[in-house]
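Let me begin by presenting the structure, written as structure tokens, before commenting on it.
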Amino acid sequence: MKRLHIFTLALLATFSLLTSSCEQIANALGVSSKPELSSRGISIDSLDSEGITFKYDYSISNPYPVSLSIAGISAKIEYDGTDNVENPPSFTAATNNGLSIAANENASNAMNFVVPYDTILNFVNIVQSLSGKTSLPFAVQGNITLDLSAVGLSNLTLPIPKLSVAIPVFKPKLSVNTDSVQFDTSNISLANVTTALGLAVISDPSILTDITSGKASSAAVNALQKTNLNVGLNFNLDVAKEGTAPWNFAVNTCGLTSTDGSSLANVSPDSSTSTISSESGSVPMSATISASNAAAYIIQLIGKNAKNPTFVLNSALSFPELQQYGMNIPLNYSYELPIN
């Protein structure tokens with residue numbers, strides 16, 4: 001096997017003195033085929049407040065008895081409409097060049113394209129012929145270059161097969177209605193706290209002192225965790241969209257976190273309004289911050305030195321006219337809820 005490897009390298013070194021086409025490379029290596037690039041599809045990987053991240057998956061086959069790597073990628077999503085449009089937008093790939101394809105193997109990789117919502121909306125507004133379109137035709141185009149320098153051969157460029165991409169004309173808008181935020185702290189009044197602590201206060205008076213001053217000492221936290229004290233929270237999540245693409249919005253999971261990222265409580269949406277397919281809607285939210293789960297935070301609320309909690313939402317979108325992208329495209333959102 002070692003002699004065969006040495007012979008292969010020697011053959012490649014000799015052949016590198018010549019100008020190498022794909023066919024010549026294949027002949028020199030004793031194979032009848034050459035590396036090929038195959039498109040595996042394009043999907044919407046995620047959504048955020050700024051734009052859509054498309055994920056293009058591909059694979060490269062390596063029929064050679066030596067490993068190959070990617071030297072460079074040049075790829076864009078470009079407008080592919082039949083109308084004559086001046087200066088259409090294009091979107092360059094964010095790539096991972098670090099792919100290595102082992103000898104006689106296939107390897108898969110992906111590249112992402114970020115498409116800002118505002119770029120598409122502005123494009124539609126500028127080009128009169130696109131008015132009313134719910135999605136726009138784009139296509140992935142470009143090439144991937146393989147590095148063959150390890151065996152003394154020239155780089156090999158593989159064209160990316162043209163792949164159509166339908167981009168929805170839309171922009172999601174999520175916001176917490178700050179006027180609706182209500183913290184119900186009636187359950188943690190001094191009288192209720194004293195009653196709930198019971199014998200713990202008698203045996204260690206410093207516990208009540210710590211709690212009322214907002215000091216989350218271990219003794220105070222341990223004592224409060226054994227009570228049923230809690231703080232209620234209610235607010236509305238406003239959901240809307242710009243653009244003409246039909247959509248479906250659904251709440252998946254949501255919760256409250258502290259400034260260090262630890263969980264304070266689960267947040268429950270009103271089940272009758274947790275899905276929205278109209279232009280806009282509102283989802284009432286409620287949560288209970290319990291002493292058993294978040295005693296330290298409740299102590300800070302009592303002492304009025306608590307920092308604003310963060311509402312974290314995991315939602316899912318779908319586009320009825322673009323079912324190729326699936327039914328659960330993730331859209332995440334977070335917002336710091338004002339305590340006062």
Is it the case that the side chain of Asp45 and the backbone of Lys55 share a donor-acceptor pair, with hydrogens and angles ignored and the cut-off at 3.5 Å?
no

Backbone N/O of Leu224 and side chain of Thr227: donor-acceptor pair under 3.5 Å:
yes

Under the side-chain contact (heavy atoms from CB on, under 4.5 Å) criterion, do Val140 and Ile160 qualify, and how do the steps go?
CA-CA 8 Å; Val140 177; Ile160 295 173; 4.1 Å; yes

Considering only NZ, NE, NH1 and NH2 on the basic side and carboxylate oxygens on the acidic side, decide whether Lys173 and Asp238 come within less than 4.0 Å.
no

If Ile, Leu, Val, Met, Phe, Trp and Tyr residues are connected whenever their side-chain heavy atoms lie under 4.5 Å apart, and connections chain through other members, are Leu337 and Leu237 in the same group?
yes

How far apart are the closest heavy atoms of Asn222 and Lys226, and which atoms are they?
O-CG, 3.5 Å

Quick check against the 3.5 Å criterion: does Asp147 have a side-chain atom that pairs as donor or acceptor with the backbone of Asn155?
no

Please confirm whether the backbone N or O of Asn122 pairs with a side-chain atom of Asp118, one donor and one acceptor, at under 3.5 Å?
no

Would the distance check show the side chain of Lys241 and the main-chain N or O of Ala245 forming a donor-acceptor pair, the cut-off being under 3.5 Å?
yes

Would a distance-only check, ignoring hydrogens and angles, find a side-chain to backbone donor-acceptor pair under 3.5 Å from Tyr297 to Ser290?
no

Closest non-hydrogen atoms of Ala265 and Asn293, given as atom of the first, atom of the second and distance, are N-ND2, 4.2 Å

Below 30° counts as parallel, above 60° as perpendicular, anything between as tilted: where do the rings of Phe311 and Tyr333 land?
perpendicular

Are Leu146 and Leu37 linked, directly or through intermediate hydrophobic residues, by side-chain heavy-atom contacts shorter than 4.5 Å (ILVMFWY only)?
yes

Check whether the side chains of Tyr64 and Asn104 place a donor and an acceptor atom closer than 3.5 Å, and report yes or no.
no

For the student: nearest non-hydrogen atoms of Thr310 and Ser334, plus distance:
CG2-CB, 4.0 Å

Evaluate whether atom CD of Glu242 has more than 12 neighbouring non-hydrogen atoms of other residues, nucleotides or ligands under 6.0 angstrom away.
yes

Quick check against the 3.5 Å criterion: does Asn332 have a side-chain atom that pairs as donor or acceptor with the backbone of Asn314?
no

Under the side-chain contact (heavy atoms from CB on, under 4.5 Å) criterion, do Ile289 and Ile298 qualify, and how do the steps go?
CA-CA 8 Å; Ile289 306 174; Ile298 287 184; 4.2 Å; yes

Which heavy atom in Ala287 sits nearest to a heavy atom in Asn266, and how many Å separate them?
CB-O, 3.5 Å

Here's a test for you: under side-chain contact (heavy atoms from CB on, under 4.5 Å), which of Ile52, Leu130, Asn125, Leu136 qualifies with Ile120?
Leu136

Regarding Asn143 and Ser74, is there a side-chain donor-to-acceptor distance under 3.5 Å anywhere?
no

Same cluster for Val85 and Ile77 if Ile/Leu/Val/Met/Phe/Trp/Tyr side chains link at under 4.5 Å?
yes

Taking atom types as modelled and ignoring hydrogens, do the side chains of Asn308 and Glu336 form a donor-acceptor contact shorter than 3.5 angstrom?
yes

Counting distance only, does the side-chain N/O of Ser213 pair as donor-acceptor with the main-chain N or O of Thr209 below 3.5 Å?
yes

Looking at every non-hydrogen atom in both residues, tell me the closest pair between Ala166 and Leu322 and how far apart they are.
CB-CD2, 3.7 Å

Apply the test ring-ring contact (aromatic ring centres under 6.0 Å, His included) to residues Tyr79 and Phe123: give CA-CA distance (whole Å), side-chain angles for both, the deciding distance (0.1 Å), then the verdict.
CA-CA 11 Å; Tyr79 183 65; Phe123 182 44; 5.3 Å; yes

Checking Thr185 side chain against Ile188 main chain: does a donor-acceptor pair fall under 3.5 Å?
no

Hydrophobic clustering (ILVMFWY, side-chain heavy atoms < 4.5 Å, transitive) - are Leu190 and Ile211 grouped together?
yes

Between the side chains of Ser108 and Tyr58, does any donor sit under 3.5 Å from an acceptor?
no

Evaluation steps, side-chain contact (heavy atoms from CB on, under 4.5 Å), between Val181 and Val176:
CA-CA 8 Å; Val181 178; Val176 168; 4.0 Å; yes

Mutual orientation of the aromatic rings belonging to Phe170 and Trp247 [parallel < 30°, tilted 30-60°, perpendicular > 60°]
tilted

Under 3.5 Å: donor-acceptor pair, side chain of Ser278, backbone of Ser280:
yes

Could you please spell out the steps behind the side-chain contact (heavy atoms from CB on, under 4.5 Å) verdict for Leu233 and Leu256?
CA-CA 10 Å; Leu233 171 63; Leu256 289 181; 3.4 Å; yes

